[in-house]
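Just below is one structure, and these are the notes that go with it.
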Amino acid sequence: MEPGVVAGTRASLARFIEEMIMPSFNFDSLAAIYDATRGYPDEVATHIAGVLDETVTASTRTRFLEIGVGTGRIALPLAARGRVYTGIDISTQMLSHLEEKLRAAHWDTVEAPWGACGDEVEAPEWVRRFRHTKPEASMRLAVADVHQMPLRDASFDVVIAVHVLHLVENWRRVLEEVRRVLTPGGMFLHCADSRGESGVQEVRSQWRRILLELGHDEQRLYRPSEEALDEVCASWGWQVERWNAITWERSQSPRQVLAGILRRDWSSMRRVPNDLFAEGCKRLERWAAARYGAQMDTPLKDERHFVISRYRVKG
Ligand SMILES: C[S@@+](CC[C@H](N)C(=O)[O-])C[C@H]1O[C@@H](n2cnc3c(N)ncnc32)[C@H](O)[C@@H]1O
């Protein structure tokens with residue numbers, strides 16, 4: 001075999017291995033733009049919070065845990081309904097944004113060391129506690145890895161995960177952790193934003209095609225599939241129901257979609273090796289100029305859904 005071919009094969013093998021064992025993606029570098037790029041319109045955020053609350057028939061005693069809570073896009077409107085809420089994340093920056101939002105919404109700080117609540121073990125490096133009156137609610141935030149949470153077994157009635165399992169090193173281990181901290185008869189809500197009819201999707205699909213041509217399969221980052229998740233949960237006797245909670249519409253011009261890709265606004269883009277990314281951008285810009293021409297600033301429809309999978313844990 002030619003030496004160049006051997007070197008090429010080695011490089012692809014190295015990249016294959018590197019991509020198979022991927023460390024968790026910490027959102028520190030995306031925290032400043034997270035809400036501007038992923039935030040829901042207010043009425044959508046409120047609707048989602050209401051549906052999640054009803055989905056688990058929550059009361060003031062229901063103990064919620066959100067893994068990968070981020071800037072509180074889901075947590076804040078849900079907890080503000082008068083809930084007992086815990087959020088775990090590896091990103092101090094994301095949690096700091098949530099902390100700022102809680103202060104702005106007049107939540108009070110509560111000073112208490114880790115261990116003050118019965119479900120707390122092994123102090124995390126960063127902890128904040130907040131309380132709200134009218135309605136009474138609490139929010140406890142900790143920087144920790146969801147592969148190994150500093151929380152006791154069977155401490156939560158509901159665990160929520162939104163756009164996090166595809167970012168962790170080992171989603172099966174995280175799911176085992178979720179199972180460990182859930183009470184018998186508890187619920188696991190796995191939720192995701194998805195696209196319906198969308199012109200924006202054409203640009204994203206083209207980006208994926210270009211990356212594939214360059215040897216980078218972006219699609220493999222979006223694991224686990226619903227089927228894989230259902231299979232593991234079913235093996236534990238957890239029953240699943242899945243539905244779309246809300247549909248709303250946004251619009252973005254091809255130029256805006258392109259700019260988001262070039263800025264690497266999404267974690268999947270940050271995981272593309274720099275050399276491939278630069279070449280991919282050149283190809284995408286060429287494609288977009290030919291495809292949209294004078295229509296580069298014409299808004300494209302972008303229909304969004306919020307899909308909930310509810311797993312009921314055996315009692
Ligand atoms: C896409 S954001 C989602 C945030 C929030 N759930 C939402 O829907 O807005 C994913 C979050 O998961 C966090 N994350 C990724 N891997 C993690 C891990 N192993 N342990 C804890 N948090 C993790 C990231 O830092 C980030 O804040």
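In listed order, ligands and their atoms are each counted from 1.
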Can you give me every donor-acceptor pair (side chain of residues 278-289, partner residue at least two apart or in another chain, under 3.5 Å) with its distance?
unit_1: E279; atom_1: OE2; unit_2: R283; atom_2: NE; d: 2.9
unit_1: R283; atom_1: NH1; unit_2: E213; atom_2: OE1; d: 3.2

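- Side-chain polar atoms of R204 and S198 form no donor-acceptor pair below 3.5 angstrom.
- H166 and H163 have perpendicular rings, their planes meeting at more than 60° on a 0 to 90° scale where under 30° would count as parallel.
- Here Y40 and W248 bring their ring centres to under 6.0 angstrom of each other.
- Taking the centre and axis of the six-membered ring of W238, the NZ or CZ atom of R179 falls outside the cone set by 45° and 6.0 Å.
- No hydrogens or angles considered: nothing links the side chains of R310 and T55 as a donor-acceptor pair under 3.5 Å.
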Pairs under 3.5 Å, N/O atoms on ligand 1 and on the protein: can you put them in a table with the distances?
unit_1: ligand 1; atom_1: 6 (N); unit_2: E66; atom_2: OE2; d: 3.0
unit_1: ligand 1; atom_1: 6 (N); unit_2: G68; atom_2: O; d: 2.8
unit_1: ligand 1; atom_1: 6 (N); unit_2: V162; atom_2: O; d: 3.0
unit_1: ligand 1; atom_1: 8 (O); unit_2: R73; atom_2: NE; d: 3.4
unit_1: ligand 1; atom_1: 8 (O); unit_2: R73; atom_2: NH2; d: 2.9
unit_1: ligand 1; atom_1: 9 (O); unit_2: Y34; atom_2: OH; d: 2.8
unit_1: ligand 1; atom_1: 9 (O); unit_2: R73; atom_2: NE; d: 2.7
unit_1: ligand 1; atom_1: 19 (N); unit_2: S24; atom_2: OG; d: 3.0
unit_1: ligand 1; atom_1: 19 (N); unit_2: D145; atom_2: OD1; d: 3.0
unit_1: ligand 1; atom_1: 20 (N); unit_2: V146; atom_2: N; d: 3.0
unit_1: ligand 1; atom_1: 22 (N); unit_2: I90; atom_2: N; d: 3.1
unit_1: ligand 1; atom_1: 25 (O); unit_2: F27; atom_2: N; d: 3.1
unit_1: ligand 1; atom_1: 25 (O); unit_2: D89; atom_2: OD1; d: 2.7
unit_1: ligand 1; atom_1: 27 (O); unit_2: D89; atom_2: OD1; d: 3.2
unit_1: ligand 1; atom_1: 27 (O); unit_2: D89; atom_2: OD2; d: 2.7

